[in-house]
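Before any comments, here is the structure.
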Protein chains: 2
Amino acid sequence: MLIRLDPASAEPLFAQLAGAVRGAIARGELAAGERLPSARELAESLGLNVHTVLHGYQLLRDEGLVELRRGRGAVVTAAGTDGLARLREAVAGVTAEARRLGLSADELIALIRKEYA
Amino acid sequence: MLIRLDPASAEPLFAQLAGAVRGAIARGELAAGERLPSARELAESLGLNVHTVLHGYQLLRDEGLVELRRGRGAVVTAAGTDGLARLREAVAGVTAEARRLGLSADELIALIRKEYA
DNA sequence: TGTATTGTTCTAGCTCTAATAGAACAACTT
DNA sequence: AAGTTGTTCTATTAGAGCTAGAACAATACA
């Protein structure tokens with residue numbers, strides 16, 4: 001799993017890291033049960049602080065995509081791997097775009113219904 | 001044009017302001033050539049600092065949505081409408097993906113609302 | 001032309017978040 | 001039993017966002 005981070009981006013490093021893992025899961029590059037590198041390991045190879053990596057991992061845990069256990073590390077959950085993950089990314093993209101355009105949830109949903117009909 | 005800001009949001013005030021104007025343009029509430037309130041005026045009515053409003057205006061200018069001129073203020077440009085087209089494309093992509101996965105419109109909308117919350 | 005309006009630029013200070021750093025600790029693996 | 005790994009704690013640094021005040025330059029308009 002290749003991870004590229006942009007320190008100059010407005011998006012925080014921990015969020016970029018979480019996004020990279022999220023995308024890898026969505027694209028099927030990471031299967032359920034698979035282990036991510038340990039935080040210390042990944043921090044070393046990315047030139048980041050351990051806390052920054054753990055921050056990203058904890059974000060993924062809060063989203064239900066990975067499980068964190070001491071001594072074992074971060075493991076991809078089964079819920080994170082099905083086709084819904086891909087859809088979720090698409091949904092996130094659309095909502096972000098809609099938000100960026102200042103649209104409310106209802107306004108976006110009106111567009112969706114129109115498109116679905 | 002009604003503008004609502006949430007000071008508690010993680011999104012900066014200047015970005016929220018820009019988003020509101022952006023949405024109004026996308027929805028056709030603001031036509032090309034129309035003038036926005038002056039920064040001092042809008043800052044007063046929103047309870048913000050002039051610099052914060054100008055920061056938002058300058059963001060819109062960098063995006064090509066408005067033109068800024070001293071003595072005249074912020075004027076909506078003609079290029080202001082293609083953002084909506086981009087959103088429409090994204091919406092089409094998501095609905096296609098959802099259909100492919102066998103989701104109903106309501107199931108998709110549930111995801112959208114969850115994402116928007 | 002003269003005057004008011006409006007964006008531009010500058011300095012300054014405050015607050016909060018992100019990121020780094022080091023350390024001790026608890027749970028799990030082997 | 002020993003090593004690995006996430007958890008928690010305190011602390012510091014750097015930068016963004018916001019506010020504030022002032023002076024300035026270009027435009028609009030009477």
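The basis for the numbers below is simple: all heavy atoms, side chains too, and nothing from hydrogens, waters or symmetry mates. Here is how names work: the chains are called A, B, and so on, in the same order as the sequence lines, proteins then strands, and each is numbered from 1.
- A close approach under 4.0 Å does occur between a side-chain nitrogen or oxygen of A/Arg35 and OP1 or OP2 of D/dT5.
- A salt bridge is defined here as a Lys NZ or Arg NE, NH1 or NH2 lying under 4.0 Å from an Asp or Glu carboxylate O, and A/Arg69 with A/Glu67 meets this definition.
- Between the side chain of B/His51 and the base of C/dT9, at least one donor-acceptor pair of N or O atoms lies under 3.5 Å.
- The cluster map of Ile, Leu, Val, Met, Phe, Trp and Tyr, joined by side-chain heavy atoms under 4.5 Å apart, puts A/Leu48 and A/Leu36 in the same cluster.
- In the interface, the side chain of B/Arg72 is not paired with the base of C/dG7 through any donor and acceptor atom under 3.5 Å apart.
- Per the geometry, CG belonging to B/Leu5 stands 10 Å off P belonging to D/dT19, to the nearest Å.
- Within the nucleic acid shown, B/Leu68 comes within 4.0 Å of sugar-phosphate atoms alone, with no base atom in reach, counting heavy atoms only.
- Summary of the strand contacts: B/Arg40 and B/Gly47 both lie near DNA chain D, and taking for each the nucleotide with the nearest heavy atom, the more 5' one is attributed to B/Gly47.
- Using a 4.0 Å cut-off, some side-chain N or O of B/Arg61 falls inside it from OP1 or OP2 of C/dT8.
- Side-chain N/O atoms of B/Gln58 include none lying less than 4.0 angstrom from OP1 or OP2 on C/dG7.
- Between B/Thr52 and D/dG17 there is no side-chain polar atom (N or O) within less than 4.0 angstrom of OP1 or OP2.
- Atom CG of B/Leu17 and atom C1' of D/dG17 are 14 Å apart (whole Å).
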